[in-house]
Every structure is written in structure tokens, then in C-alpha cells.
Amino acid sequence: MVFKRRNPRSIAAWAQQLVYPTGGFLRAIKYMVHRMRRLPDEPHRVARGVFAGTFVNFPPIFGIQFISAAALAWAMRGNIIAALLCTFLSNPITTPVIAVVSMETGYWLLGIKAPLEVMGIVEAFGNAGVELWRNAKAVFTSEPTEWASLIVFFKTIYLPYLVGSIIPGLICSTVLYYLTTPLVLAYQKIRAKRTQDRIEKRRRLKAAVIEARQKAELPQDDAAPLP
């Protein structure tokens with residue numbers, strides 16, 4: 001199997017890898033590229049999977065990126081494993097950059113003139129989360145539900161984030177799509193040539209062994225008679 005580990009990770013190890021992978025993010029990206037090059041599939045299918053997996057990193061669909069990447073790759077007839085690998089492009093370092101770029105773009109597209117402040121975004125997320133939790137508990141109690149913070153969060157944060165993520169998501173996904181196709185194709189050609197060279201080397205070695213055995217089994221000439 002492509003991803004089978006000799007020593008399976010624990011749940012805590014998996015969680016740690018999601019926050020900060022062993023060896024840093026640069027090593028993790030190199031490992032991801034290495035894995036994608038070795039995928040046993042057509043280059044255009046791997047590239048479609050890369051497109052799908054990269055694109056889902058941009059919209060605010062936290063928690064369902066794996067499912068979304070697999071579904072989009074399936075719809076595009078791309079490689080699902082490549083799509084799942086590319087979801088790891090979204091990490092604690094890249095996510096804030098993606099969020100700021102997407103919201104700036106969303107504010108511009110929707111004509112929102114309010115300034116984009118980091119603390120305001122954090123506060124909006126916090127208030128929306130608290131209100132959502134209170135409303136969830138209100139289903140089982142007599143307390144009234146409140147939606148003011150959620151409405152503000154949707155209008156000022158989520159909607160601009162969602163709308164603004166489309167353009168940068170398409171740009172990055174398209175760039176990686178066109179970079180992936182020749183990369184995978186070149187790697188597959190090199191790998192096929194190495195495989196063919198190994199087969200040819202084994203064939204020559206086998207032929208040499210057979211030839212040596214045949215020479216060893218040939219009858220020897222009778223010894224010359226003594227005078």
C-alpha cells in the first residue's frame with residue numbers, strides 16, 4: 001500500500017502532526033510532493049486531484065475538508081489520494097494568510113468598506129461560537145435562542161470569507177494543476193526507464209549465468225595419447 005506505516009501512529013501523534021509535523025512544514029511539503037509523484041495513476045488524474053485538494057483549503061469549510069476534497073476529486077475524475085494529500089497545505093502557518101487574502105477579496109467583491117481587523121475577526125468567531133453553543137443547549141431547555149452574533153458573524157466574516165476564497169482558490173489550484181502534470185509525467189518516465197534498466201540488467205545477468213552453466217556442462221576432449 002502507498003501509505004502503510006510500519007509503526008502506526010497514536011491519536012496524540014496524529015494530532016501533533018496536524019499542528020506541527022515532524023521536521024517542519026518544509027519537510028512535510030517535500031514528503032507530500034514525493035508521495036504524489038509516486039502515485040500509480042495517469043498524470044492528468046493526479047493533477048485533477050491536486051486541483052481539488054488545493055481548492056478546498058480556501059473556503060471556510062473547517063472540519064470537512066477531507067470529505068470535500070474526496071467528493072470534488074471524484075466529481076472531476078481525479079485522484080482522490082492526491083486530493084487528500086493536498087488538504088495538508090492548510091496548516092497553522094498558511095491558514096491565517098489564506099483567511100486574510102480571502103476576506104480582503106470578499107470585502108472588495110461585496111463592496112464592504114469596513115476595515116479588516118484581526119482582533120475583530122477573533123472576537124466575531126468567539127461570539128458566534130458562544131452563541132451557537134447556547135442555542136444548542138436551548139433546544140433542551142426553556143432558554144430563548146439568540147442569533148444576533150451569528151448574523152453579524154455571517155455577514156461580516158463568513159460570507160466575505162466564502163465569496164472571497166473562490167478567486168485565490170482557483171488561481172492557486174490552477175497553478176498547481178499545470179505544475180503537477182509535467183512533474184508527474186517526468187517522474188513516471190524516469191521511473192519506467194529505471195525499471196526497464198533493472199529488468200535488462202537482470203536479463204543479461206541471467207543470460208550470462210545460463211551461458212556459464214552451458215560451458216561447464218560441455219564434454220571435455222579426450223586426453224591426447226602418450227607416445
| field | Qualifying residues under ring-ring contact (aromatic ring centres under 6.0 Å, His included), relative to Phe153, sequence neighbours excluded | value | Phe125
| request: Mind checking side-chain contact (heavy atoms from CB on, under 4.5 Å) for Thr141 and listing every partner two or more places apart, or none if nothing turns up? | output: Ala138, Glu143
| Residues forming a salt bridge (Lys or Arg N to Asp or Glu O under 4.0 Å) with Lys193, sequence neighbours excluded | Asp197
| message | Strictly distance-based, threshold 3.5 Å: is any side-chain N or O of Tyr107 a donor or acceptor partner for the main-chain N or O of Thr156? | response | yes
| said: List the residues meeting ring-ring contact (aromatic ring centres under 6.0 Å, His included) with Phe66, not counting sequence neighbours, and say none if there are none. | reply: Phe88
| note | Nearest heavy-atom approach of Thr94 to Leu89 is OG1-O, 2.6 Å
| message | Can you give me the closest heavy-atom contact between Thr54 and Phe58, atom names plus distance? | response | O-CD1, 3.4 Å
| Can you name the residues that form a side-chain contact (heavy atoms from CB on, under 4.5 Å) with Ala70, not counting sequence neighbours? | Ile80, Leu84
| task | Would you confirm whether Asn127, through its side chain, and Leu150, through its main-chain N or O, come within 3.5 Å as a donor-acceptor pair? | result | no
| With the 4.5 Å side-chain cut-off for hydrophobic clustering, are Ile157 and Ile151 part of the same group? | no
| Residues forming a side chain to side chain donor-acceptor pair (under 3.5 Å) with Thr174, sequence neighbours excluded | none
| Beyond-backbone contact of Ile98 with Ser165, side-chain heavy atoms, under 4.5 angstrom | no
| Over 12 foreign heavy atoms within 6.0 Å of CD1, Ile67 | no
| request: Return the set of residues passing side-chain contact (heavy atoms from CB on, under 4.5 Å) with Thr95 (not counting sequence neighbours), or none when no residue passes. | output: Ser90
| task | Mind checking the CD1-CG spacing from Ile171 to Leu176? Nearest 0.5 Å is all I need. | result | 12.0 Å
| request: Identify the two heavy atoms, one from Thr87 and one from Gln65, that lie closest to each other, and give their separation to 0.1 Å. | output: CG2-O, 4.0 Å
| query | Under 3.5 Å, is there a donor-acceptor pair between the side chain of Asn79 and the main chain of Arg48? | reply | no
| task | Of all the heavy-atom pairs spanning Leu162 and Pro60, show the shortest one and how long it is. | result | CA-CD, 3.7 Å
| Do Thr105 and Val163 have side chains that get closer than 4.5 Å, going by heavy atoms? | no
| query | Listed by chain and number, what are the salt bridge (Lys or Arg N to Asp or Glu O under 4.0 Å) partners of Arg203, not counting sequence neighbours? | reply | Glu200
| What is the distance from atom CD of Glu131 to atom OG1 of Thr145, rounded to the nearest 0.5 Å? | 8.5 Å
| task | Please name the pair of heavy atoms, one in Asn135 and one in Glu146, separated by the smallest distance, quoted to 0.1 Å. | result | ND2-O, 2.7 Å
| query | What's in the same ILVMFWY side-chain cluster as Ile61, cut-off under 4.5 Å, chained through other members? | reply | Phe51, Phe55, Val56, Ile64, Leu72, Met76, Ile166, Leu170, Tyr177, Tyr178
| Looking only at heavy atoms, which two atoms of Ala73 and Ala83 are closest? And how far apart? | CB-CB, 3.7 Å
| What residues form a side chain to side chain donor-acceptor pair (under 3.5 Å) with Trp108, not counting sequence neighbours? | none
| Is there a chain of hydrophobic side chains (I, L, V, M, F, W, Y, each step under 4.5 Å between heavy atoms) that links Ile167 to Met103? | yes
| task | Verify, without hydrogens or angle tests, whether Arg45 (side chain) and Arg77 (backbone) share a donor-acceptor contact under 3.5 angstrom. | result | yes
| field | With Phe154 via side-chain contact (heavy atoms from CB on, under 4.5 Å) - residues at least two apart | value | Tyr158, Leu159
| With a cutoff of under 4.5 Å between side-chain heavy atoms, which Ile, Leu, Val, Met, Phe, Trp and Tyr residues group with Val101? | Val97
| More than 12 heavy atoms of other groups within 6.0 Å of Phe62 CZ | yes
